S.K.: 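My structure is below; once you've seen it, I'll send some questions.
In each ligand, atom 1 is the first atom listed, and ligand 1 is the first ligand listed. Given the structure is predicted, the values throughout are model-derived calculations rather than measurements. Throughout, residue positions are numbered sequentially from 1 according to the sequence presented.
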Amino acid sequence: MSNKVNILDVEFDKQTKAETIDLLASRLKDHKKTFIVTANPEIVMYAQRDSDYMATLRAADYIIPDGAGIIMGAKLLKRPLPERVAGFDLLKDLLAVANCEYLNVFFLGAKEDVVRKAVTNVKQEYPNLHVCGYHHGYFDEKDEKVAEIVKKAEPDLVFVALGFPKQERWIKIHFPQFHKGVFMGVGGSFDVLAGEVKRAPLIWRKLNLEWLYRLIKQPSRWKRMAFLPLFMLKVFQTKKERVNG
Ligand code: UDP
């Protein structure tokens, strides 16, 4: 049985969060280069209209379902995914693995003061991991100088917080030059690590309502939510085509 679920041409991995972490921990141990994307409906919809970005997603080793909408879409297609795996939770679990294994971690992205604060907090919470470097996220993604800095640091893990689609593009462009490393786009996670942005309380997350909490806190995000019905509609259309075809 395939361990992928195809939603609008994006191949999601069908693992639980615990299985995902086990898999990534073993890849880290074996120094297997890995490109992870955590995708939500907004990312899937963006890939529908940008073929370059779709090709970037195809280059990923794992696409993780980050968002209640993805879980709903999979259910609608009768190809359920076990659970939502929030990008931020995966980031925290990977930091915990890095802490146990004394790994090198690079933080790339966000504003200079934000990434610096995030690094300070990470060092405090995970004293055994080694922050081998960090860099703010305001540069051209094709810039080789920044990629060189990351490469010289010899990271085992690279968290790229440039927001999508920039972070995935950066990974796709520079990935071939690295001989090891697990690379993951983490959106606004450094802002949370730095304590600048608060995550939804656990009960909201358990009820799959993190999106609503973020919308209440940052009403300007409504534009980003507006595509969710469109996403569901498109998934529904694919399902109908499948049944009729
Ligand atoms: N960012 C960056 N460089 C850019 C654009 C954005 O480093 O050119 C950072 C920004 O400072 C923020 C993150 O990328 O920390 C994007 O966060 P956003 O909330 O858009 O991501 P989400 O988690 O919603 O995908």
Side-chain angles (χ1 to χ4, degrees), residues 10 12 35-50 52-53 56-57 60 62-70 84-95 105-122 131 133-147 149-150 155 158-174 183-200 204-205 208-228 231:
V10 177
F12 284 89
F35 173 9
I36 310 165
V37 174
T38 67
N40 56 20
E42 191 181 8
I43 286 186
V44 174
M45 288 306 278
Y46 186 83
Q48 306 301 302
R49 43 178 212 277
D50 185 325
D52 230 47
Y53 190 63
T56 300
L57 294 186
Y62 299 100
I63 302 186
I64 311 293
D66 182 1
I70 299 294
R84 174 188 176 211
V85 182
F88 189 75
D89 290 337
L90 200 55
L91 161 66
K92 294 279 283 193
D93 287 353
L94 285 171
L95 288 174
V105 185
F106 198 103
F107 294 81
L108 179 63
K111 296 190 184 115
E112 176 72 29
D113 58 323
V114 170
V115 64
R116 201 177 313 127
K117 229 193 247 173
V119 163
T120 307
N121 292 347
V122 163
V131 177
Y134 66 89
H135 194 286
H136 67 79
Y138 292 85
F139 58 88
D140 188 298
E141 70 239 40
K142 293 200 181 91
D143 189 339
E144 287 297 331
K145 277 188 277 193
V146 176
I149 294 170
V150 183
V158 184
F159 294 115
V160 189
L162 306 174
F164 91 91
K166 203 174 167 187
Q167 58 197 21
E168 284 79 26
R169 280 204 305 250
W170 187 89
I171 297 174
K172 165 111 183 309
I173 295 169
H174 302 287
F183 295 71
M184 176 166 123
V186 295
S189 296
F190 293 178
D191 300 74
V192 183
L193 287 177
E196 302 279 316
V197 172
K198 290 247 173 306
R199 262 199 103 187
W204 290 70
R205 281 187 261 148
N208 266 338
L209 290 175
E210 185 160 25
W211 61 273
L212 181 61
Y213 182 87
R214 290 174 86 180
L215 189 60
I216 295 166
K217 291 278 167 190
Q218 288 171 271
S220 61
R221 291 180 76 92
W222 75 268
K223 272 195 214 123
R224 303 176 57 165
M225 302 281 160
F227 58 84
L228 188 62
F231 166 78

S.K.: Give yes if a backbone or side-chain nitrogen or oxygen of Tyr138 is under 3.5 Å from a nitrogen or oxygen of ligand 1, and no if not.
M.R.: yes

S.K.: Could you find the nearest protein heavy atom to atom 22 (P) of ligand 1 and give me its residue, atom name and distance?
M.R.: Gly188 N, 3.6 Å

S.K.: Among protein heavy atoms, which sits nearest to atom 3 (N) of ligand 1, and what does the distance come to when rounded to 0.1 Å?
M.R.: Gly137 O, 2.7 Å

S.K.: Are any of the N/O atoms on Ala110, whether in the backbone or the side chain, positioned under 3.5 angstrom from an N/O atom of ligand 1?
M.R.: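 The answer is yes, given that Ala110 and ligand 1 share an N or O pair closer than 3.5 Å.
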
S.K.: Is there a donor-acceptor contact under 3.5 Å from the side chain of Glu210 to the main chain of Arg199?
M.R.: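 No, Glu210 side chain to Arg199 backbone: no donor-acceptor pair under 3.5 Å.
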
S.K.: If you measure from CG on Leu193 to NZ on Lys117, what distance do you get to the nearest 0.5 Å?
M.R.: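 So the CG of Leu193 and the NZ of Lys117 are separated by 12.5 Å.
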
S.K.: How are the rings of Tyr46 and Tyr53 set relative to one another: parallel (under 30°), tilted (30 to 60°) or perpendicular (over 60°)?
M.R.: perpendicular

S.K.: Name the closest protein heavy atom to atom 5 (C) of ligand 1, giving the residue it belongs to and the distance to 0.1 Å.
M.R.: Leu162 O, 3.5 Å

S.K.: Hey, does the side chain of Arg169 reach the backbone of Thr56 with a donor-acceptor pair shorter than 3.5 angstrom?
M.R.: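 No, the answer is negative, given that no donor and acceptor are paired below the 3.5 Å cut-off.
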
S.K.: Would you give the length of the straight line joining atom OG1 of Thr38 to atom CZ of Phe164, rounded to the nearest 0.5 angstrom?
M.R.: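 Between Thr38 OG1 and Phe164 CZ, I get 11.0 Å after rounding to 0.5 Å.
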
S.K.: Heavy-atom pairs closer than 4.0 Å: do any link ligand 1 to the side chain of Ala161, the backbone, both, or neither?
M.R.: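 Looking at Ala161 and ligand 1, just backbone atoms fall under 4.0 Å.
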
S.K.: Please check: side-chain N/O of Asp191 versus main-chain N/O of Val197, any donor-acceptor pairing under 3.5 Å?
M.R.: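 Here the side-chain-to-backbone pair does not exist.
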
S.K.: Going by the atom numbers of ligand 1, which of them fall below 4.0 Å from some non-hydrogen atom of Lys166?
M.R.: 4 (C), 8 (O)

S.K.: Please confirm whether Val186 comes within less than 3.5 Å of ligand 1 when only nitrogen or oxygen atoms on both sides are compared.
M.R.: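 By distance alone, the answer is no.
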
S.K.: Less than 4.0 angstrom from a charged side-chain N to a carboxylate O is my criterion; do Glu168 and Lys172 meet it?
M.R.: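 Looking at Lys172 together with Glu168, the answer is no, because their closest N to O distance does not fall below 4.0 Å.
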
S.K.: Between ligand 1 and Phe164, is the shortest N or O to N or O distance under 3.5 Å?
M.R.: no

S.K.: Quick one: does any side-chain atom of His135 pair with a main-chain N or O of Ala147 as donor and acceptor, under 3.5 Å?
M.R.: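 Answer holds: no.
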
S.K.: Tell me the protein heavy atom at minimum distance from atom 24 (O) of ligand 1, and give that distance in Å.
M.R.: Arg224 NH2, 2.8 Å

S.K.: Which of the atoms in ligand 1, numbered in the order shown and given with their element, are less than 4.0 Å from a heavy-atom of Asp191?
M.R.: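 Atoms satisfying the 4.0 Å criterion: 12 (C), 15 (O).
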
S.K.: Would you mind checking which non-hydrogen protein atom is closest to atom 13 (C) of ligand 1, with the distance to 0.1 Å?
M.R.: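 The answer is Gly187 O, 3.5 Å.
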
S.K.: Does ligand 1 have an atom under 4.0 Å from some heavy atom of Phe190?
M.R.: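 Per 4.0 Å heavy-atom rule, Phe190 does not contact ligand 1.
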
S.K.: Between Asn40 (side chain only) and Gly67 (backbone N and O only), is there a donor and an acceptor less than 3.5 Å apart?
M.R.: no

